[in-house]
Amino acid sequence: MIGFVWFLLCLLSGAAVCLLIAPSFAGVLAAKPLIAGKHSPRSWMLWIPASFICGIMLNAWISYLAALCAAGGNAPMTVGAAVSALVSLLLCAAAIILRRDLLRKLLADLKARGIKTLFSENRAELIFCLVVLLFWAVLVIRSFYHADGALRVGHSVFSDFCPHLSVIRSFSEGGNIPAQYPHFADGTIRYHFMFQFAVGMLEYLGMRMDIAFNLLSLGSILAMMMLFYVLSLQLTRSRAVAILASVFFTFRSSFAIFTYLFGAEEGVLGAIKTLFTSMEHIGNTQSESWGLWTQKVYLNQRHLPLGFAVAFFAIICFYPYLREMVDSLREAKGKKGARWKAFALSREGWLPEGIVMPVFMGLLLGALGFFNGAVLISVLSVLFFMAILSRRRLSYLITACIAVALVLLQSRLFIPSGGAAVSPRLTFGFLAESPALADIIAYLVELLGILPFVIVFFLPVMPRGMRWLTLAFTAPVLVAECLQLTPDITVNHKYIMFGCVLLDIIAASAVAFLWSKKQLVLRGIAAVLVILMTLTGAADLITQWSLDRYTVSYPDVSPVQDFVRENCPEGSVFLTDTTYTLGDILLAGRPLYCGWSYYAWSAGYDTFGRTQKVAEIYSAKDADTLRRLLAEEGIDYVYVDDSNRKTEEYAINEALIEETLRMVYRDSYGGVYIYAVDPS
């Protein structure tokens, strides 16, 4: 119950923040579109998701920072929740007092128009939200739920959920303040973890983990899709484009389905039959079988939709400045020197219209750093190109400077030992066969299917400003193809996904343009393009459904979990084999010295040295060496099970461990032993 109250306060505080800043954002939805249409964005479609993202991010940060200040005392998570609740109430009070006239106007308008009128006026948007919610609710809940006393994790997500659930439990049951990465306990956390912290807070306050995770995930997905719909309408004033772009968003464009069907040895019919039972995603590009580009991404990386929602909100808010520049350049056409003056020398071209909007957006994007840093980089690249063809360029600069400064501060907070969450270096080609331009183009064509061709087709007839916006939307793809920001370049797929999602709006506009010609041939081409753009995504959904027919179960209680919770202090570091992914230790909220190496390595940790230390400790030849290594590495408990005994990486000296250390837990039937490392 307390968890639901905290969640409600998050929403109310987010609504209060949006109400307080509303006057500075009044013209956002009034900006002219780039493509003329008759449907304007509904203000509630902007402010409801904005309230959600602001409320969740604000309260997560306040809770964490308050808990950090209370670290070392009793129940820092309780302190964090209490402080954030108090701030939420104060914000609500401030909004009621300072915006009482606006509130009265809104309430009077609602009363005057009535529920039936409001429903009829917003029927399309309400149906859109309902369809989105139902579609994603089925996928989200089916991939993670609770049954028969256990958490059930779908096969499509169980690998990624190992670090996610570990991080959540480290907060809800492990008192992980200051935060450190559970799979690599060293006092730092390089992984963007704040979304998991918010889930952990809900579980800590009594909400069951699956409900908490699914609730925030569904809220984030709905916010993402609502803001994407608003952005599409803002640019085109066409509901058809907004809905079609949302369909393209959900069902990706790719040639994967065609190379799969026509390249199968069993023929097309056999391939279709196999598709309905396949446990592996289709696609010929490297790692595509993992589902890197499918609906699965939003299910296993549940912090991603919230990041996308924030990014869409930022683009929506800055778009009017681009529209203003397009208009000023059009007005100056034909006048000698006027276009250059309007573009580079005018006061309006550089100076901010006001300070509230750019500062607020800087704070919001800066807060995104440890919610999802990849999305922050993506949206900053888009805003950079938008700024070139916009008025009020210093507004963009203010936002970028604040966002970058906040991220640097966060890095110092979470990585006090030095270093950075990302380490950019030039690496061309992403996952193409080689960095040669021909191979990069071939890779993107295979991966993206008909999408690039639709964009190129539409370029000649695009209205003013749309071509430049298309370039801006392509910026994240360029980032992915030119830079490597983490040890695992595969994670660059999120940059390409973000860019392609934005380009889906352009593609939907192209299809709508063909349909608007009211010629049978052109409408037929438009229909074929829709099929080509969505067929691979439909196949992805079939595989997603097949994968989550099977689940991995994690019991709520077990003898090991009970022992660890009751007898091992919070923050106790456990030595396990490096194949440890998710189990009783992590589910009890305790960190590992070095768990499954990929999770820590891909987050930027140097796992090689620790992997060697794990082997040295388990295979130590004498008691002095064993004690010295354990003390040097700050290990509190040694965990021994069959993974240690069967590994080929080292030969465990279990007899020495038993003789030297104090056994505190023994499960002879399961072969699990836990030894305490007593201080010498």
Please output the side-chain donor-acceptor pairs of residues 435-458 that fall under 3.5 Å, not counting sequence neighbours, one pair per line with the distance.
| residue | atom | partner | partner atom | Å |
| --- | --- | --- | --- | --- |
| Asp439 | OD2 | Ser434 | OG | 2.4 |
| Glu446 | OE2 | Thr259 | OG1 | 3.4 |

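- Between the side chain of Asp548 and the backbone N or O of Ser156, at least one donor-acceptor pair lies under 3.5 Å.
- No hydrogens or angles considered: a donor-acceptor pair under 3.5 Å links the side chains of Tyr650 and Asp577.
- Of the possible polar contacts, one joining the Gln295 side chain to the Thr250 backbone as a donor-acceptor pair under 3.5 Å is found.
- In this structure, the side chain of Ser378 does not engage the main chain of Tyr495 through any donor-acceptor pair within 3.5 Å.
- Surrounding CG of Leu134 are more than 12 heavy atoms belonging to other residues, nucleotides or ligands, all under 6.0 Å away.
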- Item | Candidate pair Leu368 and Met57, rule side-chain contact (heavy atoms from CB on, under 4.5 Å), full reasoning | CA-CA 8 Å; Leu368 186 61; Met57 294 175 70; 4.1 Å; yes
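- Checking Asn176 against Arg169 by side-chain atom types alone, no donor-acceptor pair falls below 3.5 Å.
- Relative ring orientation between Phe195 and His303 is described as tilted, the plane-to-plane angle lying within the 30° to 60° band.
- Taking the ring axis of Tyr605 as reference, the NZ or CZ atom of Arg190 stays within 45° of it and closer than 6.0 Å to the ring centre.
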- Message: side-chain contact (heavy atoms from CB on, under 4.5 Å), that's the test. Do Val199 and Met207 meet it? Break it down for me.
- Response: CA-CA 9 Å; Val199 177; Met207 190 180 293; over 6 Å; no
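- Side chain of Ser238 to main chain of Val241: a donor-acceptor pair is present (N/O by atom type, distance under 3.5 Å, no hydrogens or angles).
- Atom CG in Leu541 sits 5.0 Å away from atom CZ in Phe135 (nearest 0.5 Å).
- Residues Gln301 and Lys494 meet the side-chain proximity criterion, which asks for heavy atoms closer than 4.5 Å.
- In this structure, the side chain to side chain contact (heavy atoms under 4.5 Å, CB included) partners of Thr294, at least two apart in sequence or on a different chain, are Arg252, His281, Lys296, Asp540.
- Here the straight-line distance linking atom CD of Gln544 with atom CG of Leu299 works out to 5.0 Å at 0.5 Å rounding.
- Using a 4.5 Å heavy-atom threshold, the side chains of Val268 and Ile272 count as touching.
- Side-chain rings of Trp596 and His183 stay apart, their centers remaining 6.0 Å or farther from each other.
- In this structure, the side chain of Ser232 engages the main chain of Phe228 through a donor-acceptor pair within 3.5 Å.
- Under the 3.5 Å distance criterion, the side-chain polar atoms of Gln484 are matched with a main-chain donor or acceptor of Thr486.
- In this structure, CG on Leu469 lies 5.5 Å from CD1 on Ile506, to the nearest 0.5 angstrom.
- Every residue two or more places apart in sequence or in another chain was checked for a side-chain hydrogen bond (donor to acceptor under 3.5 Å, both in side chains) with Asp667, and none qualifies.
- Taking both residues in full, the closest heavy atoms of Phe498 and Pro476 are given as CD2-CG, 3.7 Å, listed atom of the first, atom of the second, then distance.
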- Could you go through the side chain to side chain donor-acceptor pair (under 3.5 Å) check for Glu649 and Thr578 one step at a time? CA-CA 10 Å; Glu649 301 299 321; Thr578 54; over 6 Å; no
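- In this structure, Tyr639 has its ring center no closer than 6.0 Å to that of Phe574.
- A distance-only check finds no donor-acceptor pair linking the side chain of Asp210 to the backbone of Tyr145 [under 3.5 Å].
- When atom types are taken as modelled, the side chain of His493 and the backbone of Leu292 share a donor-acceptor pair closer than 3.5 angstrom.
- Looking only at side-chain heavy atoms (C-beta outward), Thr236 and Phe513 stay at 4.5 Å or farther from each other.
- Looking at every heavy atom in both residues, His155 comes nearest to Leu547 through CB-O, 3.2 Å.
- In terms of modelled atom types and a separation under 3.5 Å, the side chain of Arg142 and the main chain of Trp545 share a donor-acceptor contact.
- Checking each of Phe128, Phe312, Phe249 against Tyr229 for a ring-ring contact (aromatic ring centres under 6.0 Å, His included) leaves exactly one that passes, namely Phe128.
- Every residue two or more places apart in sequence or in another chain was checked for a side-chain hydrogen bond (donor to acceptor under 3.5 Å, both in side chains) with Ser602, and none qualifies.
- Not counting sequence neighbours, Arg610 has no partner by the salt bridge (Lys or Arg N to Asp or Glu O under 4.0 Å) test.
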Validation: residues 158-167 side-chain donor-acceptor distances under 3.5 Å, sequence neighbours left out:
| residue | atom | partner | partner atom | Å |
| --- | --- | --- | --- | --- |
| His164 | ND1 | Gln196 | NE2 | 3.1 |
| His164 | NE2 | Asn300 | O | 2.9 |
| Ser166 | OG | Cys162 | O | 2.5 |

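- Nearest heavy atoms, Pro305 versus Tyr298: CG-CD2, 4.0 Å.
- Between the side chains of Tyr580 and Asp641, not a single donor N or O lies within less than 3.5 Å of an accepting N or O.
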- Task: Walk me through it: do Asp584 and Val564 pass the test side-chain contact (heavy atoms from CB on, under 4.5 Å)?
- Result: CA-CA 8 Å; Asp584 292 320; Val564 172; 6.0 Å; no
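- Residues Gln234 and Ile315 have side chains not in contact (no heavy-atom distance under 4.5 Å, counting atoms from C-beta outward).
- Arg152 places no side-chain N or O within donor-acceptor distance of the main-chain N or O of His146, the cut-off being under 3.5 Å.
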